[in-house]
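Quick note: residue numbers are just sequence positions, from 1.
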Amino acid sequence: MKILLTLLFLLGCGAAFAHGDNHAGKATTTREQTAWGIAGQPKAVRRTIDIRMDDQMRFTPDRLQVRRGDTLRLRIHNSGQVLHELVIGTPAALAEHAALMQRFPNMEHDEPWMAHVPPGKTGELVWQFNRAGDFEFACLIAGHYQAGMRGRVTVKP
């Protein structure tokens, strides 16, 4: 039941893009507080981190340390041959979303905490980590998360 409610929520959120070539990390800029932070303002960026994704189902780097309050630009390059994405969240939220993607692989979704990056392209997202704790980032495309395509973000107070 919880998965069904989550699916209905996601479909009702005004998702604008499916996984496809039309979206290279240009997520909406809605500033909604989440447990893992809030969409950042580009003018507040103090650091850019380059992250590479590949078809070995890995992120490089796969561990990030930031301070609470940091606004980062994550520049995400897909060096693989298939579409990948980077989605930030709590481990529980990402696991739940990954399960939905397994059941509904063509589900449309687009939020400011995710970037869908076609092969050979670069996308980015700007995120303010205003909550301390341990969070994750992952590719939630069906099968990618299950293959271990995830990383960790530690936000220090």
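Closest approach of Ile76 to Glu124, counting heavy atoms only: CD1-CA, 4.3 Å. When all heavy atoms are compared, the tightest approach of Gly37 to Thr34 is O-OG1, 2.7 Å. For the pair Gly80 and Pro119, the tightest heavy-atom approach, listed with the atom from each and the gap, is O-CB, 3.3 Å.
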Checklist entry - Under the side chain to side chain contact (heavy atoms under 4.5 Å, CB included) criterion, do Asn130 and Asp70 qualify, and how do the steps go? => result CA-CA 7 Å; Asn130 64 358; Asp70 282 354; over 6 Å; no

Next on the checklist: Run the side chain to side chain contact (heavy atoms under 4.5 Å, CB included) test on Lys156 and Arg68 for me, step by step, so that the C-alpha distance in whole Å, both residues' side-chain angles and the decisive distance to 0.1 Å come before the verdict.
Outcome noted: CA-CA 6 Å; Lys156 303 226 178 218; Arg68 185 179 61 202; over 6 Å; no

Checklist entry - Between Met114 and His97, does a side chain to side chain contact (heavy atoms under 4.5 Å, CB included) hold up when you go through it step by step? => result CA-CA 12 Å; Met114 58 180 64; His97 190 155; 3.8 Å; yes

Item to check | Worked verdict on Leu94 versus Val87 for side chain to side chain contact (heavy atoms under 4.5 Å, CB included) | outcome: CA-CA 8 Å; Leu94 292 178; Val87 182; 3.7 Å; yes

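Side-chain polar atoms of Asn78 and Glu85 form no donor-acceptor pair below 3.5 angstrom.
Connection of Ile49 to Ile88 is established within a shared hydrophobic cluster, with ILVMFWY side chains joined at heavy-atom distances below 4.5 Å, either directly or through further cluster members.
Legend: salt bridge (Lys or Arg N to Asp or Glu O under 4.0 Å) pairs involving residues 53-67, not counting sequence neighbours, sorted by first then second residue: Arg52-Asp54. For residues 61-81, no pair satisfies ring-ring contact (aromatic ring centres under 6.0 Å, His included), with sequence neighbours left out.
Side-chain contact between His116 and Asp110 is present, with at least one heavy-atom pair separated by less than 4.5 Å. Contact of the Asp134 side chain with the Val155 side chain is not registered, since no non-hydrogen atoms from C-beta on lie closer than 4.5 Å. Within the 4.5 Å cutoff, side-chain heavy atoms of Leu74 are placed close to those of Leu64. Contact of the Arg47 side chain with the Arg73 side chain is not registered, since no non-hydrogen atoms from C-beta on lie closer than 4.5 Å.
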Review item, side-chain donor-acceptor pairs of residues 137-150, under 3.5 Å, at least two apart:
unit_1: His144; atom_1: ND1; unit_2: His84; atom_2: ND1; d: 3.1
unit_1: Gln146; atom_1: OE1; unit_2: Gly143; atom_2: N; d: 3.0
unit_1: Arg150; atom_1: NH2; unit_2: Tyr145; atom_2: O; d: 3.1

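Partners of Thr71 according to the side chain to side chain donor-acceptor pair (under 3.5 Å) rule, which considers only residues two or more places apart in sequence or in another chain, do not exist here. Arg75 meets the side-chain contact (heavy atoms from CB on, under 4.5 Å) test with Thr48, Asp50, Thr122; sequence neighbours excluded.
Taking the six-membered ring where tryptophan is involved, the planes of Trp127 and Trp113 are perpendicular, since the angle between them exceeds 60° and thus also 30°.
Gln33 CD: more than 12 foreign heavy atoms inside a 6.0 Å radius.
Taking CD of Gln128 as the reference point, atom CH2 of Trp36 lies at 15.0 Å (rounded to 0.5 Å).
Formation of a donor-acceptor pair under 3.5 Å by the Thr90 side chain with backbone atoms of Phe135 is not found in this model. Counting only distance, with no hydrogens or angles, the side chain of Glu96 and the backbone of Leu100 share no donor-acceptor pair below 3.5 Å.
Its side chain within the 4.5 Å cluster rule, Val126 clusters with Val45 among the Ile, Leu, Val, Met, Phe, Trp and Tyr residues.
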